[in-house]
Amino acid sequence: AAPSLPGTVVNVSLTDMGGSMMGQRNGMMNGGAMSLSTDQALVPHGTVSFVVTNGGSIDHEMVILPLPSSQAVGARATGGDAKIDETGSLGEASHSGGAGAGAGIVPGASGWVTVSLAPGHYELVCNLPRHYMAGMHTQLTVT
């Protein structure tokens with residue numbers, strides 16, 4: 001379980017066909033085999049803590065990226081490694097049972113990260129190989 005975290009707390013759910021998505025359109029959600037969702041899409045600027053829980057059957061992570069106004073959610077190009085470019089990342093939750101970066105959040109575990117966000121649009125993604133292409137992305141608006 002995550003400790004008491006500062007600022008606005010956003011709960012993030014990571015799922016895949018082997019986890020809590022079974023039975024929904026043959027395991028498909030949002031057009032992909034995997035999903036990253038939040039309990040709120042709009043938060044105030046300042047300190048924001050993300051509690052990221054992996055309800056799936058394989059490792060996942062969550063990376064916070066600025067979303068330029070000219071770019072749609074889910075439209076980032078993937079490279080030869082089946083991942084997107086993380087340049088400009090503001091932080092990530094990818095450590096099972098802990099804060100910050102690690103090797104991924106294992107199934108059934110949570111990780112967390114606290115960042116300071118300016119007003120704008122952000123894309124939350126799982127950037128393990130092929131996960132972004134499979135639907136693991138969502139938008140967060142900061143007012």
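As a basis for the values below, the full set of heavy atoms in this structure was taken, side chains included, without hydrogen atoms, waters or symmetry mates. For clarity, every value in this text was computed on a predicted model and none was experimentally measured.
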- Message: Once side chain to side chain donor-acceptor pair (under 3.5 Å) is applied, what residue pairs with a partner in residues 62-74 remain, sequence neighbours excluded?
- Response: none
- Message: Are the side chains of V48 and V10 in contact, using a 4.5 Å heavy-atom criterion?
- Response: yes
- Item | Heavy-atom side-chain proximity of L128 to D59 below 4.5 angstrom | yes
- Message: For the OG atom of S37 and the NE2 atom of H137, what is their distance to the nearest 0.5 Å?
- Response: 12.5 Å
- Provide the closest heavy-atom pair for E86 versus L65 in the form atom of the first, atom of the second, distance. O-CD2, 3.7 Å
- Query: Yes or no on side chain to side chain contact (heavy atoms under 4.5 Å, CB included) for Q139 and L67, after CA distance, side-chain angles and deciding distance?
  - Reply: CA-CA 8 Å; Q139 181 172 322; L67 184 64; 3.5 Å; yes
- Any donor-acceptor pair under 3.5 Å from Y132 side chain to I84 backbone: no
- Note on the structure: Residue pairs passing the salt bridge (Lys or Arg N to Asp or Glu O under 4.0 Å) test with at least one member in residues 119-131, sequence neighbours excluded, are R76-E123
Could you go through residues 100-116 and list every donor-acceptor pair under 3.5 Å that involves a side-chain atom there, pairing it with any protein atom two or more places apart or in another chain?
from: S110; atom 1: OG; to: T53; atom 2: OG1; distance (Å): 2.7
from: T114; atom 1: OG1; to: S49; atom 2: OG; distance (Å): 2.7

- Separation of T38 OG1 from N11 CG (nearest 0.5 Å): 9.0 Å
- Task: State, yes or no, whether a side-chain contact exists between T143 and V43 at a heavy-atom distance under 4.5 Å.
- Result: no
- Task: Could you tell me which non-hydrogen atom of H45 sits nearest to which non-hydrogen atom of A118, and how far apart they are?
- Result: CB-C, 4.2 Å
- Task: Enter the distance from M133:CE to M34:CE here, rounded to the nearest 0.5 Å.
- Result: 9.5 Å
- Task: Using the rule that two of Ile, Leu, Val, Met, Phe, Trp, Tyr join whenever any of their side-chain heavy atoms come within less than 4.5 Å, decide whether L90 and V142 are in one cluster.
- Result: yes
- Message: Would E92 and S94 count as a side-chain hydrogen bond (donor to acceptor under 3.5 Å, both in side chains) here? Give the steps.
- Response: CA-CA 6 Å; E92 72 179 79; S94 60; 2.6 Å; yes
- Item | Test side chain to side chain contact (heavy atoms under 4.5 Å, CB included) applied to F50 and L124, step by step | CA-CA 10 Å; F50 296 88; L124 309 178; 3.9 Å; yes
- Might you work through the side chain to side chain contact (heavy atoms under 4.5 Å, CB included) test for H60 and D16, ending with a clear yes or no? CA-CA 9 Å; H60 293 296; D16 56 67; 2.8 Å; yes
- For the atom pair OG1 (T15) and CG (L36), what is the distance rounded to the nearest 0.5 Å? 8.0 Å
- Nearest non-hydrogen partners of E61 and V63, listed with the distance: OE2-CG2, 3.6 Å
- From I64 atom CD1 to L140 atom CG, the distance as rounded to the nearest 0.5 Å: 8.5 Å
- Query: Just how far is it from atom OG of S35 to atom CE of M17, taken to the nearest 0.5 Å?
  - Reply: 13.0 Å
- Query: For M136 and L14, what are the C-alpha separation, side-chain angles and deciding distance, and is it a side chain to side chain contact (heavy atoms under 4.5 Å, CB included)?
  - Reply: CA-CA 8 Å; M136 294 198 78; L14 309 172; 3.8 Å; yes
- Please name the pair of heavy atoms, one in I58 and one in N54, separated by the smallest distance, quoted to 0.1 Å. O-ND2, 2.8 Å
